[in-house]
Amino acid sequence: MVAITLPDGSERRFDGAVTGTTVATSIGPGLAKAALAMKVNGVLTDLSAEITDDSRLVFITRRDETALEMIRHDCAHVLAEAVQALYPGTQVTIGPSIENGFYYDFARNEPFTPADFPAIEAKMREIVAANAPFLREMRDRDEAIAFFEAKGERFKAELIRDLPQSETITFYSQGAWIDLCRGPHMRGTGDVGTAFKLMKVAGAYWRGDHRNPMLSRIYGTAWRDQKELDAHLKMLEEAEKRDHRRIGKDMHLFHMQEEATGSVFWHPKGWKLYRTAESYMRRRLEVAGYEEVKTPQLVDRALWEASGHWDKYRENMFQAQVDNEDKTLALKPMNCPCHVLIFRQGLRSYRELPLRMAEFGACHRYEPSGALHGIMRVRAFTQDDAHIFCTEAQIAPETVRFVELLSSIYQDFGFESFRVKFSDRPESRAGTNETWDRAEGALKEACAAAGVDFELNPGEGAFYGPKLEFVLRDAIGRDWQCGTLQVDFVLPERLDAEYVGEDSQRHRPVMLHRAILGSFERFLGILIENYAGRFPLWLAPVQVAVASIVSDAEPYAIEVATALKAAGLAVVTDTANIKINAKIRDHSLQHVPVIAVVGRKEAEDRTVALRRLGVEQQETLPLDEAVRLLGREAMAPDLARHIAAK
RNA sequence: GCCGCUUUAGCUCAGGGGUAGAGCAACUGAUUCGUAAUCAGUAGGUCGUAGGUUCAAUUCCUACAAGCGGCACCA
């Protein structure tokens, strides 16, 4: 007797072992048709699996999030079958479901191109239409290895060899095609449906290791139905319009060119945006108890040797020599060693701790060519860097303060939520295990105190200490690390930083490396994408466009612009001899938040007609009132709060 | 760095072995027109760079560079 408990609490009894299919059929034909898989006591399982003991059972239907993952996984199998049917000799490797879709890595001498997609997709549709059932079978380990080796599938054979001995080897077949797979799968290839599309090809290293051969990866997207697929494709199209490289060009914010690969040429408007962000950060840091410094770009290699960078990081450093001097200098890739040098000037007291030393530090790193990406990943960038010299006991309270500051700043820039990753000790590291235990422990405690929910990111810490990474997303869902906080017991030791404690003895301070924006370049790139170029008034590089309707209003337009500029606003004056419709269009396309229109009427009445970006409705105000209003609205959020609090 | 793709006017893109074309932008002129494109005209290109094949290359081939999509990297 097997008792099955359903989510509504009802129970059904069966004489013996029973499959999910049988249970579903016993409940009703609707469910029998809709059930794609099931969860038995919380474990996702094939519908055809036998249930031998009393169990809680939940059926998975197409509406469930889990079903979407299964559709994608199954679709990867369908892709693999199609590819092997069309391109004999292609070896299969792995093909998981991922966010929005799936991929499959193939080993083939000639890589795939998007031109192959129509044929592959057509074959996939045939396979789906055939609706072959997914059949699970267990195999003996050695037999499974022999099976794949006989077929020339050496990657699959390698996978099985590396599975733990205890692992059951399961295969799934769909018609004549069979693959090593842990499962589970839906009932048959027909359940995949037709709402899928192959998206792109890419090279990918076997098992993610650059020493391994490169495989040919095909990415696809798959959804429950055509409507969802269309919505996703539409979303991607929209996201493309938010691309910071596109907007940077259209809005004349910056450009990049071959003569300075990986460096940004900031144009006047982009630099204005940059400076707005910088001034804001400078105020926030000052209020938060930081002291700003500036340290050299070029520093003797001796310092980098002492800090450990020469050993661990040299290949990423730009070096410089001078003809008649026998010295090697390096462009700083980080600011920390220089900050320690400032800390070491004079004898420090425990009374000075925590000492928060900030720098908008311009750094150069030789990033691999393939890593460069617009202004998000560059070779020359400016960090909103700071180092907090403190005692071990101060790690937790300083982390809490930092997280609060970061959250408030992200909110001011329009980011309501962000992800936090906790990266612990990497394989290649400095410092003893005991030191790492202490550092990781302190940081974890601090996270608890600050109420930070983090995902663990094992082995990804800096060589000198564990770190928190604050991650923001770009328009198409790529993650970028912006903020960071890193605990460092190593560098103070290496560079011999010390302070005199209450006990009159000398002690090592701990260093917290921390950044909020990360780099201005990356953060502004994400900011551009987040706002799609439609910045709030305080950030907009051009805040008001004053547009005249007739040339009679030109002198007044200039007067209006002058008054707005005097109030601190960034203004362009448009007195060109073109129609007001065209001016509205031009400035709207430039995402200017406010257009102040002046014609004869406004010139006579000494008013302006304000039009907000994308809003047809206008508001006509006396000039002085408009200046006051916009001046107030354009205030940075921290200053606005200050005024509001009064 | 690795795999693939791309590179033609300021921008977006078409073209193709016989030395280039559109729209928008720019410039000139007309127009003074009230909230997302006024009309007409003019000018604008070593077809990424360097080699090679050819009577002839921007087009075909090779190398390099940069960009794009991934992978690896991101101290």
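Letters A, B, ... are given to chains in the order of the sequence lines, protein chains preceding strands, and every chain is numbered from 1. The figures here come from the full heavy-atom set of this structure, side chains too, leaving out hydrogens, waters and symmetry mates.
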Where is the tightest heavy-atom contact between A222(A) and R72(A), given as atom of each residue plus distance? O-NE, 2.9 Å
Return a single string for nucleotides 34-46 of chain B, one symbol per nucleotide in 5' to 3' order, where B is base contact, S is sugar-phosphate-only contact and - is none, cutoff 4.0 angstrom on heavy atoms. BBBBS--------
Using a 4.0 Å heavy-atom cut-off, does Y103(A) contact any base of the nucleic acid, only the sugar-phosphate backbone, or nothing at all? nothing
Can you tell me how far C1' in U46(B) sits from the matching atom in A57(B), rounded to whole Å? 13 Å
Selection: residues 205-216 of chain A, any non-hydrogen atom under 4.0 Å of RNA chain B: Y205(A), G208(A), H210(A), M214(A)
Once side-chain contact (heavy atoms from CB on, under 4.5 Å) is applied, do any residues pair with A557(A), and if so which ones, sequence neighbours excluded? V546(A), S548(A), T575(A), V598(A)
Expected output is a numbered-order residue list: members of residues 238-256 of chain A with a heavy atom under 4.0 Å from any atom of RNA chain B. What is it? R245(A), R246(A), K249(A)
Tell me, please, which residues at least two apart from H591(A) pass ring-ring contact (aromatic ring centres under 6.0 Å, His included). none
Please list all pairs passing the salt bridge (Lys or Arg N to Asp or Glu O under 4.0 Å) test where one or both residues lie in residues 366-381 of chain A, with sequence neighbours left out. E367(A)-R377(A)
Stems formed with participation of RNA chain B [Watson-Crick or G-U wobble, under 3.5 Å, three or more pairs]: B:1-7 with B:65-71, B:10-13 with B:21-24, B:26-30 with B:38-42, B:48-52 with B:60-64
Listed by chain and number, what are the salt bridge (Lys or Arg N to Asp or Glu O under 4.0 Å) partners of E238(A), not counting sequence neighbours? K234(A), K241(A)
Pairs flagged by salt bridge (Lys or Arg N to Asp or Glu O under 4.0 Å) wherever residues 516-536 of chain A is involved - sequence neighbours left out: none
Contacts of R438(A) meeting salt bridge (Lys or Arg N to Asp or Glu O under 4.0 Å) (sequence neighbours excluded), chain-then-number -> E392(A)
Pick base, sugar-phosphate or nothing for P368(A), based on heavy-atom distances below 4.0 Å to the nucleic acid. base
Please enumerate all residues that pass side-chain contact (heavy atoms from CB on, under 4.5 Å) together with A302(A), with sequence neighbours excluded. D300(A)
Excluding sequence neighbours, so at least two apart, what forms salt bridge (Lys or Arg N to Asp or Glu O under 4.0 Å) with E554(A)? none
E602(A) side chain to Y556(A) side chain, donor-acceptor N/O pair below 3.5 angstrom: no
